[in-house]
Protein chains: 2
Amino acid sequence: METIVSELLERSAGRPAGCGVERTLKVLDGKWTTLIVRELLTGPKRFGEIRSALSSPSAKTLTDRLRALEHQGILTRTVYAEVPPRVVYELTEQGHSLSGILHAMLVWGEQHPDAGG
Amino acid sequence: METIVSELLERSAGRPAGCGVERTLKVLDGKWTTLIVRELLTGPKRFGEIRSALSSPSAKTLTDRLRALEHQGILTRTVYAEVPPRVVYELTEQGHSLSGILHAMLVWGEQHPDAGG
DNA sequence: CCGTATCCCGGAGGATACTG
DNA sequence: CAGTATCCTCCGGGATACGG
């Protein structure tokens, strides 16, 4: 663990504070983004599936976040021309590469049940 | 990597979506919180040091975030009764335990220089 | 130096109604 | 079903001025 801290020190000394960290924060931004990625880590999902898996964010908000993630190359959007329409969101390789962060967050959250109070 | 994904699946199936993840998000909330933790991972720092290390958030905002983290047990606040006053913030053990997440974010950000565009 | 006290604004995100 | 179009609310966070 001390290794990690010193690596953090070493890697970020003399550069704009947390350059790498800030870039990640720019991607995992907003109230829902991280949770969307989390849902898609377990496989591709439809718009409605994501919406109900989370605590039903408004359609507008969910659309906004999904579009942002799409433009950032985190996920892909596939429209199936059916009736009724079906739209599937799937993580790109870059999106999947966020799993280490999500996993760390999951573990921390579980090990600190009283946090956030 | 596939191990991580399936562990995520396994650990969170049938429970409120991303329970652990959500708890972490509640702690690392807001525009500055994560960066504050990052600064303190390299050692205790004074109010002014934190402020100038980041891109000078307003005093009000920084105070708000520091107080929140203090109440959540992430850091401690020590006032030295000197003139001029000196106030030092230091991560608790719980605060230090966030280093794994920060480290993952740093690495990801560095490996994806074009992200967040 | 390290705040607190006010005031204020932008924009994320919700509510509602409507469409292909 | 999966959006789009509007309108509106809320509050995180900045600016400024002042206090211990």
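Per chain, numbering begins at 1; letters A, B, ... match sequence-line order.
- Closest heavy-atom contact between Thr24(B) and Gly109(A): OG1-N, 3.3 Å.
- If you run side chain to side chain contact (heavy atoms under 4.5 Å, CB included) between Trp108(B) and each of His112(B), Met105(B), Glu110(B), only His112(B) comes through.
- Rounded to an integer number of Å, the gap from CD1 of Ile36(A) to P of dA2(D) is 14 Å.
- Sparse packing is recorded around CD of Glu93(A), with 12 or fewer heavy atoms of other residues, nucleotides or ligands lying under 6.0 Å away.
- Across all strands, Tyr80(B) comes closer than 4.0 Å to no nucleic acid atom at all (heavy-atom distances).
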Show me the protein contacts with nucleotides 4-11 of chain C, counting only N or O atoms at under 3.5 Å.
unit_1: dT4(C); atom_1: OP1; unit_2: Arg67(B); atom_2: NH2; d: 2.9

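- Side-chain proximity of Phe47(B) to dG14(D), dC2(C), dG13(D): nearest is dC2(C).
- For the atom pair Glu90(B) CD and Ile74(B) CD1, the distance stands at 13.5 Å (nearest 0.5 Å).
- For the pair Asp29(A) CG and dG12(D) P, the interatomic distance rounds to 15 Å; values are reported in whole Å.
- Here the C1' atom of nucleotide dG3(D) and the CD atom of Glu82(A) are 16 Å apart, to the nearest Å.
- Comparing dG13(C), dG13(D), dG14(C) by their nearest atom to the side chain of Thr61(B) picks out dG13(D).
- For Leu62(A) and dA2(D), the CG to C1' distance is 10 Å, given to the nearest whole Å.
- Recorded end-axis angle for the helix from dC1(C)-dG20(D) to dG20(C)-dC1(D) stands at 50°, based on five pairs per end and rounded to 10 degrees.
- Of the inter-residue distances, the one linking Ile36(A) atom CD1 with Leu40(A) atom CG reads 7.5 Å to the nearest 0.5 angstrom.
- As judged by a 4.0 angstrom heavy-atom cut-off over every strand, Arg46(A) is placed among residues touching the sugar-phosphate backbone only.
- Rounding to the nearest 0.5 Å places CD of Glu22(A) at 10.5 Å from CG of Leu106(B).
- Expressed to the nearest 0.5 Å, how far CG of Leu66(B) lies from OH of Tyr89(B) amounts to 5.0 Å.
- Under a 4.5 Å side-chain heavy-atom criterion applied to ILVMFWY residues, the cluster that includes Val88(A) comprises Tyr80(A) as well.
- Proximity note for Lys31(A) (side chain, C-beta onward) versus dG3(C), dG3(D), dG13(C): the nearest is dG13(C).
- Remark: C1' of dC2(C) and CD of Glu49(B) are 13 Å apart, rounded to the nearest angstrom.
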Using the 3.5 Å cut-off, write out each protein N or O paired with an N or O of nucleotides 18-20 of chain D and the distance between them.
none

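- Residue-to-nucleotide proximity on DNA chain C shows that, of Thr33(A) and Val87(B), the 5′-proximal contact is made by Val87(B).
- By the ring pair (Phe, Tyr, Trp, His ring centres under 6.0 Å) test, Trp32(A) is found to be paired with no residue, residues two or more places apart in sequence or in another chain being considered.
- Residue Tyr89(B) places at least one side-chain N or O closer than 4.0 Å to OP1 or OP2 of dG3(C).
- For the pair Leu54(A) CG and dG14(C) P, the interatomic distance rounds to 11 Å; values are reported in whole Å.
- Atom-to-atom, CH2 of Trp32(A) to C1' of dG13(C) comes out at 9 Å; the value is rounded to the nearest Å.
- Residues meeting the side chain to side chain contact (heavy atoms under 4.5 Å, CB included) test with Gln111(B), sequence neighbours left out: Val107(B).
- Of the side-chain N and O atoms in Arg65(B), one or more sit less than 4.0 angstrom from OP1 or OP2 of dG13(D).
- If you take CG on Leu91(B) and NZ on Lys45(B), they are separated by 9.5 Å, rounding to the nearest 0.5 Å.
- For the atom pair CZ (Arg65(B)) and CG (Leu62(B)), the distance works out to 10.0 Å, reported to the nearest 0.5 Å.
- Rounded to an integer number of Å, the gap from Arg51(B) CZ to dG13(D) P is 14 Å.
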